[in-house]
Amino acid sequence: MTETPQNLSLQNVCVDYDNQHRALDGLTCSFEPGSFTALVGPSGCGKSTVLRTVAGLIAPSHGEVVGAGDNDTGYVFQEPTLLAWRNVYDNVAMPMRFAGLSASEIDQRVRHALQMVGLQERLDALPRQLSGGMKMRVSLARALANRPRLLLLDEPFAALDEMTRMRLDDDLRDIWQQAKSTVIFVTHSITEAAYLAERVLVMRDDGRLVADLSMPTRQDNNHFRTQASYHAACTTISDALGHNAHDVADSRQTQKATD
Amino acid sequence: MRYLLPILVGCLVLGFWEFYVDYAEIPKFVLPAPSAIASALANDAAGFASATWVTLRITGFAFFLALVSGVGLAIIFSRSRAAEMAVYPYVVTLQVTPVVAIAPLILIWVGFDNVERALVIIAWIVTFFPMLTNSAQGLKSIDPQLHDLMTLSRANGWQRLTTLELPAALPSILTGAKISGGLALIGAVVAEFVAGSGANTGLAWRIIEAGNRLEIASMFAALLLLSAVGIVLFYTLSLIEWLCLRRWHESFR
């Protein structure tokens with residue numbers, strides 16, 4: 001991996017909650033511009049904390065995050081996180097209005113972003129008139145509209161049904177190839193990580209990285225889920241997570257011993 | 001049916017009341033007939049109208065003050081935990097001390113040259129607390145992710161307030177307003193009972209005055225007008241709530 005000044009990287013990042021509970025422990029990794037990385041691990045292992053730290057919502061207790069400019073970061077939360085009293089258009093336009101963009105510029109970007117997620121017909125709808133999948137699409141459009149260099153997604157499709165989720169996974173890959181953003185996608189789904197990402201980072205319970213896996217380059221986008229390389233990738237990721245169970249038990253014992 | 005049934009019940013009760021007062025020859029200083037109350041109202045329509053206006057004005061001022069101060073203080077509390085810790089105990093003290101007991105003090109401080117100002121303050125004390133607590137509750141219950149979204153979108157304090165906090169807290173603020181609207185009227189009546197009305201006479205003072213003269217029909221007339229003011233206040237606030245929330249809020253689904 002070549003280091004350029006624009007590379008987003010985490011250097012020995014630690015995050016402590018309440019000055020005692022260590023959520024992230026010495027995380028070091030870097031992300032190439034335009035890459036798609038999935039971050040997997042058991043729930044509560046600190047995956048979301050990584051994203052929140054990269055986004056600047058949490059300041060690391062030690063170490064630093066380099067190359068993450070706040071202005072060109074798009075963030076998609078676990079829930080759609082929409083303003084219920086604003087329509088689709090206003091929800092997508094909101095961050096750009098804060099940034100002081102001109103009305104015509106905003107209009108063009110909102111329409112383009114909504115087109116990317118397939119909601120160009122629902123500009124005037126209020127969130128409560130939309131299905132769960134559509135709300136998530138609005139949320140994605142809001143993150144994309146500002147044309148972020150870095151797109152952070154925190155288990156965005158976890159609450160959706162399987163069919164909707166697979167369709168959104170496909171759409172997200174298409175959008176990524178169009179928008180050429182650097183994507184970090186947090187998920188607890190092994191299959192989703194294997195399907196979406198070029199690279200998978202595996203975290204374990206104590207907030208450390210245990211594996212940095214390259215995913216196979218795919219020949220045929222449409223049938224990737226049926227290919228052997230996809231299943232091999234799933235197995236590799238689960239192995240990395242499975243090892244984790246032993247490691248955690250070991251580390252807890254050693255911790256007790258040192259205590 | 002929703003409107004017809006209560007009207008029917010009302011007519012039956014009034015009819016029975018009119019009949020029974022006449023039939024049992026109940027003296028009019030104990031219980032006047034509905035017709036006597038209506039004529040008492042009609043005979044002094046101008047006087048009752050001006051009394052209603054005085055009470056309504058005090059109620060309105062107290063309510064407006066409570067709205068501004070309650071929401072304002074709730075915003076300050078939501079921004080500063082320290083401010084909340086410092087001030088909240090005194091707010092509670094003001095709330096739990098019976099307002100009738102504070103009233104004479106307020107009259108001495110601000111009431112000599114302007115009784116109405118004292119009345120507004122007394123009514124405000126009664127009105128203020130639910131406005132504050134409901135607004136504070138609404139502001140605190142905002143989804144933290146929405147706050148994160150504002151932070152990530154680099155919203156300044158004013159943008160955060162107008163785009164997220166006030167609209168999100170509006171349902172709670174309006175609930176507080178509905179409670180406070182009724183309390184403002186109670187506060188205005190209690191204040192007038194305790195302090196008198198000064199130069200202008202409100203409905204509460206009309207009740208005391210009529211009671212002293214054993215003009216029970218006038219008492220009922222003033223009481224009727226107080227109820228009417230309360231009902232108008234409540235439904236006005238309900239209408240405002242409906243207009244503001246019907247499009248998006250769960251309670252109007």
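Letters go in sequence order (proteins before strands), and every chain restarts at 1.
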Problem - When B:Leu146, B:Thr151, B:Leu149 are compared by non-hydrogen pairs under 4.5 Å with chain A, the top option - result: B:Leu149
Practice task
Using a cut-off of 6.0 Å, state whether more than 12 heavy atoms not belonging to A:Tyr89 lie near its atom OH.
Solution key: yes
Fill in the blank from the handout: CD (B:Gln145) and OH (A:Tyr75) are apart, to the nearest 0.5 Å, by 7.5 Å
Handout entry: Neighbour count >12 (heavy atoms, 6.0 Å) for atom OH, A:Tyr17
Key = yes
Completion exercise
Taken to the nearest 0.5 Å, the spacing of B:Ser153 OG from A:Arg97 CZ works out to 12.5 Å
Handout entry: Side chain / backbone / both / neither for A:Met94 at chain B, heavy atoms under 4.5 Å
Key = side chain
Problem - Close contacts, residues 76-84 of chain A versus chain B, judged by heavy atoms under 4.5 Å - result: A:Phe77, A:Gln78, A:Glu79, A:Thr81, A:Leu82, A:Leu83, A:Ala84
Handout entry: B:Phe252 atom CZ, neighbour heavy-atom count above 12 within 6.0 Å
Key = yes
Completion exercise
NE2 (B:His147) and CG (A:Leu57) are apart, to the nearest 0.5 Å, by 12.5 Å
Residues 163-172 of chain B, side-chain donor-acceptor partners within the protein, below 3.5 Å, at least two apart:
| unit_1 | atom_1 | unit_2 | atom_2 | d |
| --- | --- | --- | --- | --- |
| B:Thr163 | OG1 | B:Gln159 | O | 2.7 |
| B:Glu165 | OE1 | B:Arg79 | NH2 | 2.3 |

Fill in the blank from the handout: Across all chains, not counting sequence neighbours, the side chain to side chain contact (heavy atoms under 4.5 Å, CB included) partners of B:Thr97 are B:Thr93, B:Ile102
Practice task
Go through B:Trp248 and A:Arg86 one step at a time and tell me if the side-chain contact (heavy atoms from CB on, under 4.5 Å) criterion holds.
Solution key: CA-CA 8 Å; B:Trp248 64 274; A:Arg86 294 285 185 90; over 6 Å; no
Practice task
Taking heavy atoms only and a threshold strictly under 4.5 Å, list by residue number the residues of residues 126-136 of chain A that touch chain B; give 'none' if the list is empty.
Solution key: A:Leu126, A:Arg128
